[in-house]
2 protein chains.
Amino acid sequence: MKKDINISEVAKKAGVSIATVSRVFNNSGPVKESTRKLIESIIEETGYLPNILARELAEKRTNLIGMIVHNLTGEGMARTIQGVSDILEEHAFNLLMTCSNGNFESEKKHFELLRLKRVDGILFATRNFTKEHKEIIDKLPIPVVVLLQDTEKEQIPCVTFANYSMAKEAAENLLKLGHRSFAYIGGPEHSANANERKAGVMDALKGADIDINSIPASTGNYHIESGYEGMEAIIKSGKKFSAVIAVNDGMAIGAMNCLMDHGFSIPEDVSVLGLDDTVLAKASRLKLSGVHYSYTKLGDEGAALLLKQIQSESSFFEKKVIPYKVNLRQSVRLMN
Amino acid sequence: MKKDINISEVAKKAGVSIATVSRVFNNSGPVKESTRKLIESIIEETGYLPNILARELAEKRTNLIGMIVHNLTGEGMARTIQGVSDILEEHAFNLLMTCSNGNFESEKKHFELLRLKRVDGILFATRNFTKEHKEIIDKLPIPVVVLLQDTEKEQIPCVTFANYSMAKEAAENLLKLGHRSFAYIGGPEHSANANERKAGVMDALKGADIDINSIPASTGNYHIESGYEGMEAIIKSGKKFSAVIAVNDGMAIGAMNCLMDHGFSIPEDVSVLGLDDTVLAKASRLKLSGVHYSYTKLGDEGAALLLKQIQSESSFFEKKVIPYKVNLRQSVRLMN
DNA sequence: TTGTATGCGTTATCAG
DNA sequence: CTGATAACGCATACAA
């Protein structure tokens, strides 16, 4: 537990001024080779470390970025943070993490907190982007990049998944396999992402002249159990379908289990596809089909965009969409 | 994008000194009611926020804690961070997150970085705790709490799961159900946690006079595929078993799938149990049995212990073990 | 090539 | 009750 030493003590030991020590440490100016050597050896032996707080105060920047997430319970957000943290590290930035638990008041508080902490920029992942959010962000003197929500309308920089297109393309895959009757298990009503996915699916079906009003549908909360229940309700409704699409893979897994429990064979009787592809998709014996996209990449791109905004010293609109890939596995089949 | 205002501008507007403003803002001294009102109104209208950097510099503490994790790819670490972040927030501390990707050099670098950032304490989650880690920590002038590793031997504060006991108890559950022949799918050879679990299982079996040398075993990397392969190797070895225990639920899921693919019925022919219980356990139609423990709690306890160390201003040894619960579900059955 | 002096925005001490 | 003023530790413009 040795005591911290500061720049003036180093200077004293070396018989020079603090300015010279600073120049040596930061390589920020000409220093005679011999005095440089001397100072370096003293830095070495004393284990001198500059006080970053003082430096940041003088330089008026923290090299800190703040991140507010709504949810920290699943693999997706973990990977996102991983991506963010890797990119920030490359650029010698640090990450201040906070979790809002999806609560607006808490989000608001965290924005203030991060502002107080003088972060240079903020990454914001929320379940639902509102006018109130926009107002907060517009007042901020630092750039904000939104993750997981499309804020093009609000002209706030963002990185999102291609909810609409991936859902449309996934549905089109099933159409190509000859399916004509569908069931849909969606997400919460108020979720922009869930609604975009549903729109993608429905537009694909409309494009194939399918009456979307006759499609049995249910909504859920993304969890396995919820998918099971949603599927059960659809089965009980008595409507026919040869393919089920679920808004994420957890609910698709629940749906598969429910179908099997009700005597359906997959994929012989019903094909199942989730608009997501996490570790769950490979958990069951019968591999689930899904749409894969990388959360790590989401974090990477978000961090990169934020750093760009910080370096440009002015916030500008830019939207980045993460690529995806439809993976058809055992859970779907060609209609005869 | 309004410019930041500082304490002296507030003081000027109010016609008082900065000392008085500081007293009002921090409620740290007597101020006449009328001037207090005046200053408060000016603070309100200017939106004045103190510069935390300057404050921290003056106070010599950051209210920041650093966290180094080896891995950010799964639900477990996400929940851990959630727990940490909740507790820190209650105490007005902030979280500086870094990810080492399990690399020692990187871990070392992050310790230095966090030290540089003047964090008040560090939470450290690593795959494997070594002498080198202890040396680094002993030199640090701030407290460190280790997560997920038992560092009692090194007398470093830690929060861990009860690897040995949970494994022993889980195995004893199977013994009570009448099982006498086992197979074991373990983790990486060098993992302390995996070894503790294996020891727990083996000690339970020894206690029931089972020859543990005859138990077919394999090792893997915790992933589903790895459990599948491990199970396949054991099946091919031709040895008999009525119960399989896997070091985590991912590998147990892989093992279940493999068994079914080889014509075994679960639980009629083989019972399967994982020493873990995440979302995966509920993913398959036939619910996996496992041992449940809360990562959120791990984070909670870790953060709480670290804060205790920080407040006591001296590091002391304390070890906290997270409780667990064995959940027997459809994947195990009573032997006839 | 080096040193001096000032600013960064607070908190805290000590007079008044 | 209030105001000067000295830390806090560093960067940097300007002088020498």
Side-chain angles (χ1 to χ4, degrees), chain A residues 2-40 42-43 46-64 92 113 115-120 141-142, chain B residues 2-40 42-43 46-64 92 94 113 115-120 141:
Chain A
K2 58 184 161 190
K3 200 185 152 302
D4 284 338
I5 203 172
N6 65 23
I7 195 170
S8 60
E9 300 180 57
V10 174
K12 195 184 301 171
K13 276 186 203 284
V16 298
S17 75
I18 63 167
T20 306
V21 176
S22 175
R23 274 191 283 264
V24 169
F25 200 89
N26 302 310
N27 211 351
S28 59
V31 179
K32 202 207 300 177
E33 195 50 29
S34 61
T35 64
R36 152 164 276 130
K37 288 280 185 228
L38 172 64
I39 292 172
E40 273 170 352
I42 291 179
I43 286 175
T46 56
Y48 164 71
L49 284 180
N51 184 318
I52 299 277
L53 291 172
R55 173 185 289 176
E56 289 172 347
L57 179 60
E59 287 182 341
K60 287 171 156 294
R61 72 198 312 261
T62 57
N63 273 38
L64 245 192
L113 206 79
R115 182 68 202 107
L116 213 66
K117 275 287 184 181
R118 276 352 196 226
V119 298
D120 294 332
I142 52 173
Chain B
K2 59 183 161 190
K3 198 184 153 303
D4 284 337
I5 204 172
N6 65 22
I7 196 171
S8 61
E9 299 180 58
V10 173
K12 195 183 300 171
K13 277 186 200 286
V16 298
S17 75
I18 61 168
T20 306
V21 176
S22 176
R23 274 191 283 264
V24 169
F25 200 89
N26 302 310
N27 211 350
S28 58
V31 179
K32 202 206 303 176
E33 195 50 29
S34 62
T35 64
R36 153 163 275 131
K37 288 280 185 228
L38 172 64
I39 292 171
E40 274 169 353
I42 291 179
I43 286 175
T46 57
Y48 163 71
L49 284 180
N51 184 318
I52 299 278
L53 291 173
R55 172 186 291 175
E56 289 172 347
L57 179 59
E59 289 182 342
K60 288 171 157 292
R61 70 197 313 262
T62 56
N63 272 39
L64 245 193
N94 288 105
L113 205 78
R115 182 69 202 107
L116 213 67
K117 275 287 185 182
R118 283 334 201 237
V119 298
D120 294 332

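As the structure is a computational prediction, the values presented were derived from the model and not from experiment. Numbers restart at 1 for each chain; the letters A, B, ... are given by sequence-line order, proteins then strands.
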Worksheet item: Taking N and O atoms by type only, does the side chain of R23(A) place a donor or acceptor under 3.5 Å from a partner on the base of dG3(C)?
Response: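 By the distance-only test, yes, there is a pair.
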Taking the side chain of [X] as heavy atoms from C-beta outward, which of [options] is closest to it?
X: E59(A); options: dA4(D), dA11(D), dC10(D); value: dA11(D)
X: V16(A); options: dG3(C), dT2(C), dC10(D); value: dG3(C)
X: P50(A); options: dT10(C), dC10(D), dG3(C); value: dC10(D)
X: A58(B); options: dT2(D), dT10(C), dA11(D); value: dT10(C)

Distance check: side-chain N/O of [X] vs OP1/OP2 of [N], anything under 4.0 Å?
X: N26(B); N: dT11(C); value: yes
X: K60(B); N: dT11(C); value: no
X: N6(B); N: dG9(C); value: yes
X: S22(B); N: dT11(C); value: yes
X: T20(A); N: dG3(C); value: yes
X: T35(A); N: dT2(C); value: yes

Fill in: N/O donor-acceptor pair under 3.5 Å between N63(B) side chain and A92(B) backbone
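Yes.
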Worksheet item: Under the 3.5 angstrom rule, does the side chain of T46(B) hit a backbone N or O of I42(B) as a donor-acceptor pair?
Response: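 Yes, T46(B) side chain to I42(B) backbone: donor-acceptor pair under 3.5 Å.
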[N] [atom2] sits how many Å from [X] [atom1], rounded?
X: R61(B); N: dG9(D); atom1: CZ; atom2: P; value: 16 Å
X: L57(B); N: dG9(C); atom1: CG; atom2: P; value: 12 Å
X: I7(A); N: dG9(D); atom1: CD1; atom2: C1'; value: 8 Å
X: N51(B); N: dG9(C); atom1: CG; atom2: C1'; value: 5 Å
X: N63(A); N: dC10(D); atom1: CG; atom2: P; value: 17 Å
X: I18(A); N: dG3(C); atom1: CD1; atom2: C1'; value: 10 Å
X: I39(B); N: dC1(D); atom1: CD1; atom2: P; value: 13 Å
X: K117(A); N: dG9(C); atom1: NZ; atom2: P; value: 17 Å

Worksheet item: Is the closest side-chain heavy-atom distance between K32(A) and L38(A) below 4.5 Å?
Response: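 No, too far: nothing below the 4.5 Å cut-off.
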Worksheet item: Taking all non-hydrogen atoms of both residues, which atom of S28(A) and which atom of S22(A) are closest, and how far apart?
Response: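 It is OG-O, 3.9 Å.
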Worksheet entry | I39(B) versus A14(B), closest heavy-atom pair with distance |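 What the structure gives for the nearest pair is CG1-CB, 4.0 Å.
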For [X], answer base if it contacts any base atom (sugar-phosphate contacts may also be present), sugar-phosphate if it contacts only those atoms, and nothing otherwise; contact means non-hydrogen atoms under 4.0 Å.
X: P30(B); answer: base
X: L49(B); answer: sugar-phosphate
X: S8(B); answer: nothing
X: F25(B); answer: nothing
X: I52(B); answer: nothing

Worksheet item: So, E33(A) and K37(A), do they make that salt bridge, N to O below 4.0 Å?
Response: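 Answer for the salt bridge query: yes.
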